[in-house]
Amino acid sequence: MGCKCGSQVILCNLPIRFDTYKGCSHGCRYCFAQKKRNIGKIERDETVEAMRSFIEGKRSRETAWCDWNIPIHWGGMSDPFQPIEKNIRASYECLKLLAETKYPFVVSTKGRLVADPEYLDLLAQCNCVVQVSMVCSKYDQLEPGTPPYEERLQIAGTLAKRVQRVIVRAQPYMPEVFNDVMKNIPRLAEAGVYGVVVEGMKFYKNKPGMVKVGGDVCYPLHVLRPHFEAIKAECHRHGMKFYSGENRLRAMGDSMTCCGIDGLEGFKGNEYNLCMLVNGQTPEPTALMKEIGTGGPFQSLNQAAGYNKKINSQSFYGLMQEELSTRLDYYKRLFGLEE
(Lines give C-alpha, C1' and ligand atoms only; values in the text may rest on other atoms or scores of the structure.)
Protein backbone atom coordinates (compact mmCIF):
# COMPACT_ATOMS: atom_id res chain seq x y z
CA MET A 1 0.00 0.00 0.00
CA GLY A 2 2.90 2.38 0.68
CA CYS A 3 2.83 5.56 2.73
CA LYS A 4 -0.45 6.01 4.60
CA CYS A 5 -2.52 9.02 5.57
CA GLY A 6 -5.62 8.70 7.74
CA SER A 7 -7.31 10.50 10.60
CA GLN A 8 -4.06 12.27 11.59
CA VAL A 9 -4.59 14.56 8.61
CA ILE A 10 -6.95 16.80 10.59
CA LEU A 11 -4.54 17.45 13.44
CA CYS A 12 -0.95 16.70 12.42
CA ASN A 13 1.33 18.71 10.14
CA LEU A 14 3.18 15.52 9.18
CA PRO A 15 0.33 13.06 8.58
CA ILE A 16 2.12 10.82 6.04
CA ARG A 17 3.09 7.67 7.94
CA PHE A 18 5.35 4.74 7.08
CA ASP A 19 6.08 1.59 9.08
CA THR A 20 8.50 -1.18 8.17
CA TYR A 21 6.95 -3.51 10.77
CA LYS A 22 3.62 -4.48 12.25
CA GLY A 23 3.93 -5.28 15.93
CA CYS A 24 6.67 -4.38 18.37
CA SER A 25 8.78 -6.23 20.92
CA HIS A 26 9.29 -3.27 23.25
CA GLY A 27 6.22 -4.28 25.25
CA CYS A 28 5.44 -0.76 26.46
CA ARG A 29 2.45 -1.13 28.74
CA TYR A 30 0.91 2.17 27.67
CA CYS A 31 1.25 1.65 23.89
CA PHE A 32 -1.78 2.98 21.97
CA ALA A 33 -1.15 0.56 19.09
CA GLN A 34 -2.37 -2.27 21.35
CA LYS A 35 -5.89 -0.91 20.92
CA LYS A 36 -5.76 -1.76 17.22
CA ARG A 37 -3.98 -5.12 17.01
CA ASN A 38 -1.93 -7.78 18.78
CA ILE A 39 1.45 -6.06 18.72
CA GLY A 40 3.23 -9.13 20.07
CA LYS A 41 3.09 -10.68 16.60
CA ILE A 42 5.81 -8.96 14.60
CA GLU A 43 5.90 -9.08 10.82
CA ARG A 44 6.98 -7.04 7.82
CA ASP A 45 4.80 -4.12 6.84
CA GLU A 46 5.68 -1.59 4.15
CA THR A 47 8.55 -2.20 1.75
CA VAL A 48 11.41 -0.13 0.38
CA GLU A 49 9.68 -0.30 -3.01
CA ALA A 50 6.59 1.36 -1.49
CA MET A 51 8.76 4.10 -0.01
CA ARG A 52 10.52 4.63 -3.34
CA SER A 53 7.15 4.96 -5.06
CA PHE A 54 6.10 7.79 -2.73
CA ILE A 55 9.47 9.52 -3.02
CA GLU A 56 9.12 9.44 -6.80
CA GLY A 57 5.80 11.27 -6.54
CA LYS A 58 3.36 8.40 -6.99
CA ARG A 59 0.31 8.93 -4.80
CA SER A 60 -2.43 6.68 -3.47
CA ARG A 61 -6.05 7.59 -2.76
CA GLU A 62 -5.02 8.60 0.78
CA THR A 63 -2.16 10.84 -0.35
CA ALA A 64 -3.57 12.28 -3.60
CA TRP A 65 -3.90 15.72 -1.98
CA CYS A 66 -0.13 16.15 -1.54
CA ASP A 67 2.00 17.26 -4.49
CA TRP A 68 5.22 18.28 -2.72
CA ASN A 69 8.00 16.43 -0.90
CA ILE A 70 6.26 16.39 2.44
CA PRO A 71 8.44 14.74 5.11
CA ILE A 72 7.55 11.14 5.92
CA HIS A 73 6.95 10.26 9.57
CA TRP A 74 8.54 6.83 9.97
CA GLY A 75 7.75 4.64 12.97
CA GLY A 76 4.34 5.84 14.08
CA MET A 77 2.90 2.40 14.88
CA SER A 78 6.00 0.21 15.25
CA ASP A 79 9.65 0.93 16.03
CA PRO A 80 11.75 0.55 12.85
CA PHE A 81 14.85 -0.22 14.93
CA GLN A 82 13.47 -2.87 17.29
CA PRO A 83 15.61 -6.02 17.76
CA ILE A 84 14.03 -8.04 14.91
CA GLU A 85 15.38 -5.49 12.44
CA LYS A 86 18.90 -6.84 12.99
CA ASN A 87 17.84 -10.02 11.19
CA ILE A 88 15.25 -8.77 8.69
CA ARG A 89 16.97 -5.47 7.79
CA ALA A 90 13.87 -3.94 6.24
CA SER A 91 14.63 -0.57 7.83
CA TYR A 92 18.25 -0.75 6.72
CA GLU A 93 17.13 -1.07 3.10
CA CYS A 94 14.90 1.97 3.55
CA LEU A 95 17.77 3.93 5.08
CA LYS A 96 19.91 3.21 2.06
CA LEU A 97 17.21 4.66 -0.18
CA LEU A 98 16.74 7.71 2.04
CA ALA A 99 20.48 8.34 2.18
CA GLU A 100 20.62 8.11 -1.62
CA THR A 101 17.64 10.40 -2.32
CA LYS A 102 18.04 12.81 0.61
CA TYR A 103 14.25 12.75 0.96
CA PRO A 104 13.19 14.47 4.24
CA PHE A 105 11.84 12.32 7.03
CA VAL A 106 11.31 12.11 10.78
CA VAL A 107 11.94 8.76 12.45
CA SER A 108 10.77 7.80 15.94
CA THR A 109 12.53 5.12 17.96
CA LYS A 110 13.59 3.90 21.36
CA GLY A 111 15.69 1.02 19.99
CA ARG A 112 19.44 0.72 20.50
CA LEU A 113 20.01 -0.38 16.90
CA VAL A 114 19.65 3.24 15.75
CA ALA A 115 23.12 3.92 17.18
CA ASP A 116 24.71 0.81 15.68
CA PRO A 117 27.62 2.06 13.49
CA GLU A 118 26.18 0.40 10.39
CA TYR A 119 22.88 2.23 10.80
CA LEU A 120 24.35 5.43 12.17
CA ASP A 121 26.62 5.82 9.15
CA LEU A 122 23.56 5.81 6.91
CA LEU A 123 21.54 8.14 9.15
CA ALA A 124 24.43 10.60 9.02
CA GLN A 125 23.95 10.77 5.25
CA CYS A 126 20.19 11.31 5.50
CA ASN A 127 18.08 14.45 5.53
CA CYS A 128 16.31 13.57 8.76
CA VAL A 129 15.23 14.37 12.28
CA VAL A 130 15.67 11.50 14.73
CA GLN A 131 13.24 11.37 17.64
CA VAL A 132 14.20 9.29 20.67
CA SER A 133 11.31 8.42 23.00
CA MET A 134 12.44 8.71 26.63
CA VAL A 135 10.63 10.19 29.62
CA CYS A 136 12.67 9.22 32.70
CA SER A 137 14.13 6.18 34.49
CA LYS A 138 10.88 5.50 36.34
CA TYR A 139 9.42 4.42 33.00
CA ASP A 140 11.94 1.59 32.64
CA GLN A 141 9.51 -0.80 34.34
CA LEU A 142 6.77 0.22 31.87
CA GLU A 143 9.03 -0.44 28.86
CA PRO A 144 10.50 -3.89 29.54
CA GLY A 145 11.77 -4.54 26.02
CA THR A 146 13.61 -1.25 25.52
CA PRO A 147 17.05 0.04 26.51
CA PRO A 148 16.82 1.72 29.93
CA TYR A 149 16.56 5.50 30.09
CA GLU A 150 20.22 6.02 30.89
CA GLU A 151 21.27 4.02 27.85
CA ARG A 152 18.87 5.97 25.66
CA LEU A 153 20.43 9.18 26.94
CA GLN A 154 23.79 7.90 25.71
CA ILE A 155 22.19 6.91 22.39
CA ALA A 156 20.77 10.44 22.01
CA GLY A 157 24.24 11.87 22.59
CA THR A 158 25.77 9.54 20.02
CA LEU A 159 23.13 10.47 17.47
CA ALA A 160 23.48 14.21 18.12
CA LYS A 161 27.10 14.10 16.99
CA ARG A 162 26.20 12.56 13.62
CA VAL A 163 22.66 13.41 12.50
CA GLN A 164 21.03 16.67 11.50
CA ARG A 165 18.82 17.00 14.58
CA VAL A 166 17.78 14.95 17.62
CA ILE A 167 14.45 15.47 19.36
CA VAL A 168 13.50 13.78 22.62
CA ARG A 169 9.90 12.66 22.93
CA ALA A 170 8.93 12.90 26.60
CA GLN A 171 5.70 11.11 25.93
CA PRO A 172 3.43 9.79 27.18
CA TYR A 173 3.96 12.15 30.10
CA MET A 174 2.48 11.64 33.57
CA PRO A 175 2.52 14.46 36.15
CA GLU A 176 3.95 12.09 38.76
CA VAL A 177 7.36 12.25 37.04
CA PHE A 178 7.53 16.05 36.67
CA ASN A 179 10.56 16.43 38.93
CA ASP A 180 12.42 13.65 37.14
CA VAL A 181 11.78 15.23 33.73
CA MET A 182 12.90 18.66 34.97
CA LYS A 183 16.13 17.26 36.44
CA ASN A 184 16.97 15.55 33.16
CA ILE A 185 16.58 18.62 30.94
CA PRO A 186 20.14 19.92 31.54
CA ARG A 187 21.44 16.44 30.76
CA LEU A 188 19.53 16.36 27.47
CA ALA A 189 21.00 19.72 26.51
CA GLU A 190 24.49 18.51 27.41
CA ALA A 191 23.95 15.47 25.16
CA GLY A 192 23.24 17.76 22.20
CA VAL A 193 19.46 17.33 21.98
CA TYR A 194 17.82 20.09 19.93
CA GLY A 195 14.39 20.05 21.54
CA VAL A 196 11.84 18.20 23.66
CA VAL A 197 8.26 17.31 22.73
CA VAL A 198 5.82 16.53 25.55
CA GLU A 199 2.40 14.89 25.37
CA GLY A 200 0.20 13.72 28.21
CA MET A 201 -0.67 10.07 28.77
CA LYS A 202 -3.94 8.89 27.28
CA PHE A 203 -6.00 6.24 29.05
CA TYR A 204 -8.60 3.78 27.75
CA LYS A 205 -10.81 3.77 30.85
CA ASN A 206 -12.17 6.63 32.89
CA LYS A 207 -10.29 7.58 36.06
CA PRO A 208 -11.11 10.02 38.86
CA GLY A 209 -10.05 13.56 38.07
CA MET A 210 -9.59 12.86 34.35
CA VAL A 211 -11.51 14.29 31.37
CA LYS A 212 -12.85 12.65 28.21
CA VAL A 213 -11.48 14.21 25.02
CA GLY A 214 -12.60 12.53 21.82
CA GLY A 215 -12.05 8.84 22.36
CA ASP A 216 -9.37 9.30 25.03
CA VAL A 217 -9.33 9.80 28.79
CA CYS A 218 -6.84 12.57 29.49
CA TYR A 219 -5.32 14.69 32.23
CA PRO A 220 -7.23 18.00 32.52
CA LEU A 221 -5.56 21.10 31.17
CA HIS A 222 -5.28 22.74 34.59
CA VAL A 223 -2.98 19.86 35.54
CA LEU A 224 -0.89 19.72 32.36
CA ARG A 225 -0.55 23.42 31.56
CA PRO A 226 1.65 24.49 34.52
CA HIS A 227 3.88 21.44 33.99
CA PHE A 228 4.29 22.22 30.30
CA GLU A 229 5.04 25.87 31.07
CA ALA A 230 7.77 24.91 33.55
CA ILE A 231 9.29 22.33 31.20
CA LYS A 232 9.25 24.86 28.36
CA ALA A 233 11.00 27.49 30.49
CA GLU A 234 13.65 24.99 31.59
CA CYS A 235 14.24 23.86 28.00
CA HIS A 236 14.72 27.48 26.95
CA ARG A 237 17.04 28.11 29.88
CA HIS A 238 19.29 25.37 28.54
CA GLY A 239 19.11 26.43 24.90
CA MET A 240 16.63 23.83 23.68
CA LYS A 241 13.32 24.13 21.87
CA PHE A 242 10.03 23.00 23.40
CA TYR A 243 7.19 21.40 21.45
CA SER A 244 3.76 20.34 22.62
CA GLY A 245 2.53 17.04 21.23
CA GLU A 246 -0.58 17.53 23.33
CA ASN A 247 -3.24 18.61 20.84
CA ARG A 248 -5.00 20.77 23.42
CA LEU A 249 -1.80 22.72 24.13
CA ARG A 250 -0.19 22.68 20.69
CA ALA A 251 0.09 26.47 20.56
CA MET A 252 2.37 26.41 23.61
CA GLY A 253 5.16 24.94 21.53
CA ASP A 254 7.90 26.88 19.79
CA SER A 255 6.31 25.62 16.58
CA MET A 256 2.84 24.26 15.84
CA THR A 257 4.60 21.44 14.01
CA CYS A 258 5.56 19.48 17.09
CA CYS A 259 7.97 17.01 15.42
CA GLY A 260 10.84 19.51 15.57
CA ILE A 261 11.37 20.24 11.87
CA ASP A 262 11.11 24.03 12.11
CA GLY A 263 13.85 25.91 10.30
CA LEU A 264 15.17 22.91 8.37
CA GLU A 265 15.52 23.44 4.64
CA GLY A 266 13.23 21.19 2.61
CA PHE A 267 11.04 20.21 5.58
CA LYS A 268 7.63 21.55 4.62
CA GLY A 269 4.68 20.05 6.48
CA ASN A 270 0.97 20.46 5.79
CA GLU A 271 -0.45 23.35 7.76
CA TYR A 272 -3.89 23.12 6.21
CA ASN A 273 -5.56 21.12 8.98
CA LEU A 274 -8.13 21.64 11.71
CA CYS A 275 -5.63 22.05 14.53
CA MET A 276 -4.13 25.05 12.78
CA LEU A 277 -7.48 26.50 11.73
CA VAL A 278 -9.17 26.15 15.13
CA ASN A 279 -6.13 27.73 16.80
CA GLY A 280 -6.59 30.87 14.71
CA GLN A 281 -3.95 30.22 12.06
CA THR A 282 -4.73 31.10 8.43
CA PRO A 283 -3.07 28.44 6.24
CA GLU A 284 -3.96 28.34 2.55
CA PRO A 285 -4.87 25.11 0.78
CA THR A 286 -2.90 24.20 -2.31
CA ALA A 287 -4.57 24.13 -5.71
CA LEU A 288 -4.45 20.33 -5.68
CA MET A 289 -6.30 20.17 -2.36
CA LYS A 290 -9.26 21.85 -4.08
CA GLU A 291 -9.50 19.20 -6.78
CA ILE A 292 -12.29 16.61 -6.63
CA GLY A 293 -11.11 13.19 -5.50
CA THR A 294 -8.36 14.30 -3.10
CA GLY A 295 -10.30 13.63 0.13
CA GLY A 296 -9.17 10.01 0.60
CA PRO A 297 -7.82 10.31 4.15
CA PHE A 298 -11.21 11.44 5.43
CA GLN A 299 -12.51 7.88 4.92
CA SER A 300 -10.91 6.96 8.27
CA LEU A 301 -13.01 9.61 10.03
CA ASN A 302 -16.35 8.28 8.86
CA GLN A 303 -17.18 4.65 8.09
CA ALA A 304 -20.87 5.28 7.45
CA ALA A 305 -22.47 3.70 4.42
CA GLY A 306 -22.35 6.00 1.44
CA TYR A 307 -19.52 8.18 2.78
CA ASN A 308 -17.06 6.67 0.32
CA LYS A 309 -19.17 7.98 -2.56
CA LYS A 310 -19.22 11.41 -0.94
CA ILE A 311 -15.43 11.40 -0.68
CA ASN A 312 -15.12 10.60 -4.37
CA SER A 313 -17.19 13.67 -5.22
CA GLN A 314 -15.45 16.03 -2.81
CA SER A 315 -12.05 17.64 -2.41
CA PHE A 316 -9.58 17.59 0.49
CA TYR A 317 -10.31 21.27 1.04
CA GLY A 318 -14.09 20.80 0.91
CA LEU A 319 -14.10 17.94 3.40
CA MET A 320 -11.78 19.81 5.78
CA GLN A 321 -14.07 22.83 5.67
CA GLU A 322 -17.13 20.63 6.21
CA GLU A 323 -15.57 19.06 9.30
CA LEU A 324 -14.79 22.53 10.62
CA SER A 325 -18.25 23.98 10.04
CA THR A 326 -20.37 21.01 11.16
CA ARG A 327 -18.34 19.91 14.21
CA LEU A 328 -16.72 23.13 15.42
CA ASP A 329 -17.70 22.66 19.08
CA TYR A 330 -16.22 19.15 19.07
CA TYR A 331 -12.93 20.37 17.61
CA LYS A 332 -12.72 23.30 19.98
CA ARG A 333 -12.75 20.79 22.82
CA LEU A 334 -10.37 18.42 21.03
CA PHE A 335 -7.85 21.22 20.57
CA GLY A 336 -8.24 22.69 24.04
CA LEU A 337 -10.12 25.89 23.35
CA GLU A 338 -12.96 24.71 25.59
CA GLU A 339 -12.50 22.61 28.73
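Values reported hereafter were calculated over all heavy atoms of this structure, with side chains retained and with hydrogens, waters and symmetry mates removed.
- No path of Ile, Leu, Val, Met, Phe, Trp and Tyr side chains, each step under 4.5 Å between heavy atoms, connects L14 with M256, placing them in separate hydrophobic clusters.
- Note that CG of L113 is 8.5 Å distant from OG of S91, once rounded to the nearest 0.5 Å.
- Between D121 and R162 a salt bridge is recorded (basic side-chain N to carboxylate O distance below 4.0 Å).
- Among R152, K110, H26, the one residue that satisfies the side chain to side chain donor-acceptor pair (under 3.5 Å) test with T146 is R152.
- A donor-acceptor pair under 3.5 Å is absent between the side-chain atoms of T63 and the main chain of R59, judged by distance alone.
- When atom types are taken as modelled, the side chain of Q8 and the backbone of P15 share no donor-acceptor pair closer than 3.5 angstrom.
- Under the 4.5 Å side-chain criterion, counting only non-hydrogen atoms from C-beta, P80 is in contact with W74.
- Using modelled atom types, no side-chain atom of R169 and backbone atom of V196 make a donor-acceptor pair closer than 3.5 Å.
- Taking 4.0 Å as the cut-off between side-chain N and carboxylate O, E234 and R237 count as a salt-bridged pair.
- The pair E246-K202 meets the salt-bridge criterion, with a side-chain N (NZ, NE, NH1 or NH2) lying under 4.0 Å from an Asp/Glu carboxylate O.
- No path of Ile, Leu, Val, Met, Phe, Trp and Tyr side chains, each step under 4.5 Å between heavy atoms, connects M276 with Y330, placing them in separate hydrophobic clusters.
- Criterion: ILVMFWY side-chain heavy atoms under 4.5 Å apart, direct or through other members. Under it, L328 and L11 are part of a common hydrophobic cluster.
- Minimum interatomic distance between G269 and W68 (heavy atoms only, all atoms of both residues): O-CZ2, 3.5 Å.
- Taking 4.0 Å as the cut-off between side-chain N and carboxylate O, E143 and K138 do not count as a salt-bridged pair.
- At least one side-chain heavy atom of E322 sits under 4.5 Å from a side-chain heavy atom of K310.
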Please walk me through it: do K4 and E46 pass side chain to side chain contact (heavy atoms under 4.5 Å, CB included)?
-> CA-CA 10 Å; K4 300 181 178 71; E46 304 299 342; 2.3 Å; yes
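- Ring planes of H227 and Y173: perpendicular class, angle over 60° (limits at 30 and 60°).
- In this structure, K86 and E118 have side chains that are in contact, with non-hydrogen atoms separated by less than 4.5 Å.
- Rounding to the nearest 0.5 Å gives a distance of 9.0 Å between CG of L334 and CG of L274.
- Annotation: K102, atom NZ; neighbour count of heavy atoms from other residues, nucleotides and ligands within 6.0 Å is above 12.
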Stepwise side chain to side chain contact (heavy atoms under 4.5 Å, CB included) test for L153 and E190 | CA-CA 10 Å; L153 181 59; E190 186 177 352; over 6 Å; no
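- Atom CG of N247 and atom SG of C258 lie 7.5 Å apart (nearest 0.5 Å).
- Although no hydrogens or angles enter the test, the distance criterion places a donor-acceptor pair under 3.5 Å between the side chain of T47 and the main chain of A50.
- The shortest side-chain heavy-atom distance between S25 and I84 does not fall under the 4.5 Å cut-off.
- With values rounded to the nearest 0.5 angstrom, N279 atom CG is found 13.0 Å from R248 atom CZ.
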Test side chain to side chain donor-acceptor pair (under 3.5 Å) applied to S78 and Q82, step by step = CA-CA 8 Å; S78 179; Q82 60 183 295; 3.0 Å; yes
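- Between G192 and A160 the shortest heavy-atom distance is O-CB, 3.6 Å.
- Ring centroids of F298 and F316 are separated by less than 6.0 Å, placing the two rings close together.
- Proximity of the aromatic rings of F178 and F228 is defined here by a centroid distance below 6.0 angstrom, and this criterion is not met.
- Minimum interatomic distance between L301 and S7 (heavy atoms only, all atoms of both residues): CD2-CB, 3.6 Å.
- At least one side-chain heavy atom of F242 sits under 4.5 Å from a side-chain heavy atom of V198.
- Interatomic distance, L120 CG to Q125 CD, rounded to the nearest 0.5 Å: 10.5 Å.
- If you check the side chains of N312 and R61, you find a donor sitting under 3.5 Å from an acceptor.
- Rounding to the nearest 0.5 Å gives a distance of 13.0 Å between CZ of F105 and CD1 of I261.
- Without hydrogens or angle criteria, N273 side chain to C275 main chain gives a donor-acceptor distance under 3.5 Å.
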Going through the checks in order, is the side chain to side chain donor-acceptor pair (under 3.5 Å) test met by E291 and Y317?
-> CA-CA 8 Å; E291 291 187 11; Y317 165 76; over 6 Å; no
Please step through side chain to side chain contact (heavy atoms under 4.5 Å, CB included) for the pair I311 and Q314, ending with a clear verdict.
-> CA-CA 5 Å; I311 286 176; Q314 269 275 26; 5.8 Å; no
Evaluation steps, side chain to side chain contact (heavy atoms under 4.5 Å, CB included), between I167 and V132 = CA-CA 6 Å; I167 300 292; V132 181; over 6 Å; no
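- In terms of modelled atom types and a separation under 3.5 Å, the side chain of D19 and the main chain of M77 share a donor-acceptor contact.
- Between W65 and L288, every side-chain heavy-atom pair lies at or beyond the 4.5 Å cut-off.
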Test log, rule side chain to side chain donor-acceptor pair (under 3.5 Å), inputs T294 and S315 | CA-CA 5 Å; T294 54; S315 67; 5.1 Å; no
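- Classification of K96 and E93 as a salt-bridged pair holds, one side-chain N sitting under 4.0 Å from a carboxylate O.
- Not one N or O on the side chain of Q299 forms a donor-acceptor pair closer than 3.5 Å with the backbone of Y307.
- Residues Y243 and K232 fail the side-chain proximity criterion, which asks for heavy atoms closer than 4.5 Å.
- Note: Y331 and F335 have parallel aromatic rings, judged against thresholds of 30 and 60 degrees for the angle between ring planes.
- Side-chain contact annotation: T109 with D79, donor-acceptor N/O pair under 3.5 Å present.
- N13 and T257 form a side-chain donor-acceptor contact under 3.5 Å, judged by distance and modelled atom types alone.
- What you find for C136 and D180 is that their closest heavy atoms are CB-CB, 3.8 Å.
- In this structure the side chain of F203 never reaches within 4.5 angstrom of the side chain of Y30, judged on heavy atoms.
- Taking the ring axis of Y21 as reference, the NZ or CZ atom of R44 does not stay both within 45° of it and closer than 6.0 Å to the ring centre.
- Contact between V223 and P175 at its shortest, heavy atoms only, is CG1-CG, 3.7 Å.
- C12 and R17 make their closest contact through SG-NH2, 3.1 Å (heavy atoms, listed as atom of the first residue, atom of the second, distance).
- Counting heavy-atom neighbours within 6.0 Å of Q281 CD, excluding the residue itself, gives a total above 12.
- In terms of modelled atom types and a separation under 3.5 Å, the side chain of Y103 and the main chain of I70 share a donor-acceptor contact.
- For Q164 (side chain) and V129 (main-chain N/O), no donor-acceptor pair under 3.5 Å exists by modelled atom type.
- A donor-acceptor pair under 3.5 Å is formed between the side chain of S244 and the backbone N or O of L249.
- Taking the six-membered ring for Trp and the full ring otherwise, the centers of Y139 and Y149 sit at least 6.0 Å from each other.
- More than 12 heavy atoms of other residues, nucleotides or ligands shown are found within 6.0 angstrom of CD on E56.
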